[in-house]
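Chain letters run A, B, ... following the sequence lines, proteins first, then strands; residues in each count from 1. As a basis for the values below, the full set of heavy atoms in this structure was taken, side chains included, without hydrogen atoms, waters or symmetry mates.
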Number of protein chains: 2
Amino acid sequence: MFRINKLTDYAVVLLVDMARSDKVRAAQQIALDTGVPLPTVAKVMKALLRSGLVVSHRGACGGYGLAHPPRSITVADMIQALEGPIALTACVDKAPHADGEEACGLGSLCPMNGQWDTVNRRVEAALRTVTLADMAAGPLPAFAPEFTRARAAVLAAEMGAERAGEMAS
Amino acid sequence: MFRINKLTDYAVVLLVDMARSDKVRAAQQIALDTGVPLPTVAKVMKALLRSGLVVSHRGACGGYGLAHPPRSITVADMIQALEGPIALTACVDKAPHADGEEACGLGSLCPMNGQWDTVNRRVEAALRTVTLADMAAGPLPAFAPEFTRARAAVLAAEMGAERAGEMAS
DNA sequence: GCGATGTGGACCAAATTGGTCTTCTTTTCA
DNA sequence: TGAAAAGAAGACCAATTTGGTCCACATCGC
């Protein structure tokens with residue numbers, strides 16, 4: 001499957017929504033607009049904030065906004081924000097463990113010496129060719145954003161009365 | 001960290017060793033030569049066999065060999081053999097579940113419609129630019145293959161007397 | 001100062017992964 | 001023809017990772 005994390009997937013969904021809205025919104029509002037559970041939105045935003053992809057404003061009327069124009073945020077940036085450096089194998093991040101041993105058990109005996117570096121660089125380059133603006137624009141969204149938003153609200157309501165009430169307050 | 005499976009990592013190590021040796025060898029011998037545990041070699045080979053990357057010969061003097069020249073086996077092939085089609089998100093393989101619902105919970109409401117397809121195609125293209133021959137050639141292996149093999153044998157012996165004896169028989 | 005909002009981290013249940021084992025089939029060779 | 005060598009298929013369990021949630025605290029605006 002060669003998957004990215006679900007959390008990373010959420011991050012892209014949230015960032016696309018932010019790129020389309022282009023306003024500072026509270027995490028609660030973003031959760032409502034996208035249908036992603038609030039605690040998950042909070043967790044993702046924390047990671048995006050640390051990586052400098054979004055900016056935050058605390059206090060009343062606070063919220064999150066994009067730190068850069070969508071055109072200059074790439075898929076590689078989003079993935080790296082959630083999952084760290086792009087390293088397909090343990091061989092490449094040679095950060096020695098506490099006991100001085102290398103991450104790859106075989107150490108310098110590993111016959112792959114540096115071959116994975118090439119692969120990693122090419123994958124990262126590929127991921128750098130698609131931007132948030134591309135993701136947000138889309139060739140032809142099946143539904144207009146308004147419909148999407150309305151449908152998401154319905155979904156949020158169905159998630160449970162107590163939570164929906166709390167979120168809608 | 002955007003990793004491939006450890007099993008996939010092993011598969012590449014084994015295939016590189018097979019490309020360098022270019023002989024039909026028993027799984028036991030490959031395990032000895034690479035330092036990868038025998039049961040793991042067997043498991044990886046099963047996947048590689050199903051994908052047609054290696055051929056097998058049963059019975060005495062049997063073993064595994066490459067099904068194609070290293071030049072025509074790409075990193076993408078190896079990853080797909082172990083992990084299935086390259087699909088960074090659950091959105092892309094729209095195979096409906098048993099209950100008729102799509103893999104992505106949001107269904108056609110998902111605002112990503114088709115955007116991930118582009119990313120997936122570009123990543124796969126990148127992975128297709130590096131072949132098994134490239135991985136096996138290497139720019140400059142730190143040690144000659146003979147040293148690697150001898151060292152692997154020592155490692156195998158250290159794994160335990162009973163297993164080492166059984167493997168050396 | 002109070003309420004709204006973000007921040008940081010702990011926490012646990014569920015899913016995935018990795019590694020091993022067992023049993024069976026196929027092939028070679030004496 | 002039968003025994004040994006080797007692969008095939010899958011069940012199984014432990015360990016790790018992931019995901020989702022919650023809590024206590026820090027800021028900010030009114």
Side-chain angles (χ1 to χ4, degrees), chain A residues 1-11 13-14 18 24-32 35-65 67 82-84 89-90 103 105 159-160 162-163 166-169, chain B residues 1-11 13-14 18 23-32 35-52 54-65 67 82-84 89-90 103 105 159-160 162-163 166-169:
Chain A
M1 323 171 174
F2 197 55
R3 290 270 157 92
I4 58 175
N5 285 343
K6 213 167 175 184
L7 235 30
T8 308
D9 198 353
Y10 281 146
V13 170
L14 298 181
M18 290 172 78
V24 169
R25 278 175 301 165
Q28 262 194 9
Q29 190 57 47
I30 296 177
L32 267 180
V36 177
L38 175 57
T40 302
V41 171
K43 192 170 191 173
V44 168
M45 284 300 170
K46 272 181 263 187
L48 294 177
L49 184 66
R50 269 196 298 274
S51 308
L53 261 56
V54 304
V55 290
S56 68
H57 304 279
R58 287 186 170 195
C61 297
Y64 292 98
L82 272 288
E83 316 203 5
T89 71
M159 279 164 55
E162 76 293 343
R163 174 167 301 276
E166 147 198 329
M167 288 173 85
S169 67
Chain B
M1 298 121 210
F2 198 56
R3 289 269 159 92
I4 58 175
N5 284 346
K6 213 168 175 184
L7 235 30
T8 308
D9 198 353
Y10 281 146
V13 170
L14 297 181
M18 290 171 78
K23 284 180 299 192
V24 169
R25 278 176 300 165
Q28 263 194 7
Q29 190 58 47
I30 296 177
L32 266 180
V36 177
L38 175 57
T40 302
V41 171
K43 192 169 192 174
V44 169
M45 285 301 170
K46 269 181 270 185
L48 294 177
L49 184 68
R50 268 196 297 274
S51 308
V54 303
V55 291
S56 70
H57 304 279
R58 288 186 169 199
C61 298
Y64 292 98
L82 272 289
E83 317 203 4
T89 71
M159 280 165 53
E162 77 293 341
R163 175 168 299 276
E166 147 197 329
M167 287 173 86
S169 67

Which listed nucleotide ([options]) is nearest to the side chain of [X]?
X        : options                  : answer
Pro39(A) : dA6(D), dT20(C), dT21(D) : dT21(D)
Asn5(A)  : dA8(D), dT18(D), dG19(C) : dT18(D)
Lys46(B) : dG19(C), dA8(D), dG7(D)  : dA8(D)

Expressed in angstrom and rounded to an integer, what is the separation of [X] atom [atom1] from [N] atom [atom2]?
X        : N       : atom1 : atom2 : value
Lys43(B) : dG18(C) : NZ    : P     : 8 Å
Leu38(A) : dG19(D) : CG    : P     : 18 Å
Gln28(B) : dA6(D)  : CD    : C1'   : 9 Å
Glu83(A) : dT17(D) : CD    : C1'   : 12 Å
Asp9(B)  : dT17(C) : CG    : C1'   : 14 Å
Arg3(B)  : dT18(D) : CZ    : C1'   : 15 Å
Gln29(A) : dT5(C)  : CD    : C1'   : 13 Å
Leu14(A) : dG19(D) : CG    : P     : 14 Å

Locate the shortest heavy-atom distance separating [X] from [Y]; write the atom from each residue and the value.
X        : Y        : answer
Val24(B) : Gly65(B) : CG2-CA, 4.3 Å
Gly52(A) : Ala67(A) : O-CB, 3.3 Å
Met18(A) : Arg25(A) : CA-NH2, 3.7 Å
Val41(A) : Ala27(A) : CG1-O, 3.9 Å
Leu14(A) : Ile30(A) : CD2-CG2, 3.8 Å

Could you walk me through whether Lys43(A) and Thr40(A) pass the side chain to side chain contact (heavy atoms under 4.5 Å, CB included) check?
-> CA-CA 5 Å; Lys43(A) 192 170 191 173; Thr40(A) 302; 5.6 Å; no
May I ask you to evaluate whether Tyr10(B) reaches the phosphate of dT17(C), defined as a side-chain N or O under 4.0 Å from OP1 or OP2?
->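 Looking at the OP1 and OP2 atoms of dT17(C), neither is under 4.0 Å from any side-chain N or O of Tyr10(B).
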Within the structure shown, what part of the strands sits under 4.0 Å from Ala27(A) by heavy-atom distance: base, sugar-phosphate, or nothing?
->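 Touches sugar-phosphate only.
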At under 4.0 Å between heavy atoms, what does Lys6(A) touch on the DNA or RNA strands: base, sugar-phosphate, or nothing?
->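 Sugar-phosphate contact only - Lys6(A) comes under 4.0 Å of backbone atoms but never of a base.
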As an exercise, state the distance from [atom1] of [X] to [atom2] of [Y], rounded to the nearest 0.5 Å.
X        : Y        : atom1 : atom2 : value
Gln29(B) : Lys23(B) : CD    : NZ    : 8.5 Å
Glu83(A) : Arg3(B)  : CD    : CZ    : 10.5 Å
Thr89(A) : Asn5(B)  : OG1   : CG    : 12.5 Å
Leu53(A) : Leu82(A) : CG    : CG    : 9.5 Å

How far does the helix from dG1(C)-dC30(D) to dA30(C)-dT1(D) bend, going by the axes of its first and last five pairs, to the nearest 10°?
->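 Computed from the C1' atoms at both ends, the axes differ by 20°.
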Contacting residues from residues 49-59 of chain A, given that a heavy atom lies under 4.0 angstrom of DNA chain C =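 Only Leu49(A), Ser56(A), His57(A), Arg58(A), Gly59(A) qualify.
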For DNA chain D, whose closest nucleotide is more 5', that of Ile4(A) or that of Tyr64(B)?
->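 The 5'-side residue here is Tyr64(B).
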